[in-house]
Every structure is written in structure tokens, then in C-alpha cells.
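Have a look at the structure below, then the notes.
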Amino acid sequence: MDELRAKLLHEIIGIYGPGQGMSIASVIVPAFIGDFQKVVCDSSSFDEVSEEYMTEDKKIHLVLYGRKRMRCKGDEFDITRCIFNDKVIVSD
């Protein structure tokens with residue numbers, strides 16, 4: 001997950017610049033990943049699911065794919081693919 005966050009940060013800084021990019025990434029990356037975790041864990045199956053996210057200014061279009069997995073402590077999730085502005089940045 002840290003690798004995904006680092007790649008997203010890199011892409012966001014490329015769009016907004018270092019100062020504004022860090023500020024935006026610190027808010028939207030946890031929000032998008034947290035929402036996606038809820039979507040995946042609320043899924044009724046273990047099939048791959050996807051969710052799209054876009055910032056209000058439409059400069060960031062993020063599509064996350066993932067699936068939940070069973071663990072002894074409950075359901076967890078894996079992000080299997082991430083597309084950032086039509087560029088694949090994570091793929092299993």
C-alpha cells in the first residue's frame with residue numbers, strides 16, 4: 001500500500017507542483033483509499049470490484065480495482081490495479 005501511496009503522490013505532484021501537490025495528496029489519497037476499502041469490504045463476493053474517483057477540478061481521475069480476502073481477523077482488501085489519468089501505475 002505504501003508503494004501505491006508513493007506513486008500517487010508522485011503523479012499528483014506532477015500535476016499540481018510540490019507544495020500544492022503535497023497538500024492535496026495528504027487529503028485525497030487517504031480519502032480515496034479509505035472509501036475504496038469500504039467499497040471492497042462491503043462487496044458481497046470476492047470478485048474484483050472497481051471504483052472511480054475524480055477531483056472537483058477534474059485534474060485527477062483515479063480508477064481503483066481490488067478484491068477482498070479473508071483473514072483470521074476479518075475481511076481485508078488488496079488493490080489489484082490503479083489507473084491514474086489513463087495511466088496504469090499499479091498492476092498485479
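Remember, it's a predicted structure, so these values are computed and weren't measured experimentally.
- The CZ atom of R81 sits 5.0 Å away from atom CD1 of I83, with the distance rounded to the nearest 0.5 Å.
- A donor-acceptor pair under 3.5 Å links the side-chain atoms of Y53 to the main chain of F36, judged by distance alone.
- Using a 4.5 Å cut-off between side-chain heavy atoms of Ile, Leu, Val, Met, Phe, Trp and Tyr, with links allowed through other members, L4 and Y65 fall into different hydrophobic clusters.
- The shortest side-chain heavy-atom distance between E11 and I89 falls under the 4.5 Å cut-off.
- I13 and V90 fall into different hydrophobic clusters, where Ile, Leu, Val, Met, Phe, Trp and Tyr side chains are chained together by heavy-atom contacts under 4.5 Å.
- When every heavy atom of L9 is checked against every heavy atom of A25, the shortest pair comes out as CD1-CB, 3.5 Å.
- D78 and T80 share no donor-acceptor pair across their side chains, judged by distance under 3.5 Å alone.
- V29 and M1 end up in the same hydrophobic cluster when Ile, Leu, Val, Met, Phe, Trp and Tyr side chains are linked at under 4.5 Å.
- Remark: the backbone N or O of R67 is not paired with any side-chain donor or acceptor of D47 at under 3.5 angstrom.
- Between I28 and I12 the shortest side-chain heavy-atom distance falls below 4.5 Å.
- Residue-environment remark: NE2 (H61) exceeds the threshold of 12 foreign heavy atoms within 6.0 Å.
- Between I33 and F77, some side-chain heavy-atom pair lies under the 4.5 Å cut-off.
- Criterion: ILVMFWY side-chain heavy atoms under 4.5 Å apart, direct or through other members. Under it, V40 and F32 are part of a common hydrophobic cluster.
- The CZ atom of R5 sits 8.0 Å away from atom CD1 of I79, with the distance rounded to the nearest 0.5 Å.
- Note that the CD atom of E51 and the OG atom of S43 stand 11.0 Å from one another [nearest 0.5 Å].
- Two residues are said to be in side-chain contact when any heavy atoms from C-beta on lie closer than 4.5 Å; T55 and Y16 meet this criterion.
- No side-chain heavy atom of M54 sits under 4.5 Å from any side-chain heavy atom of I60.
- The pair E3-K7 meets the salt-bridge criterion, since a charged nitrogen lies less than 4.0 angstrom from a carboxylate oxygen.
- Across all non-hydrogen atoms, the minimal contact from L64 to C82 is CD2-SG, 3.6 Å.
- Nearest heavy atoms, K59 versus I15: O-CD1, 3.6 Å.
- In this structure, D86 places its CG atom where only 12 or fewer heavy-atom neighbours from other residues, nucleotides or ligands lie under 6.0 Å away.
- Taking the ring axis of F46 as reference, the NZ or CZ atom of K68 stays within 45° of it and closer than 6.0 Å to the ring centre.
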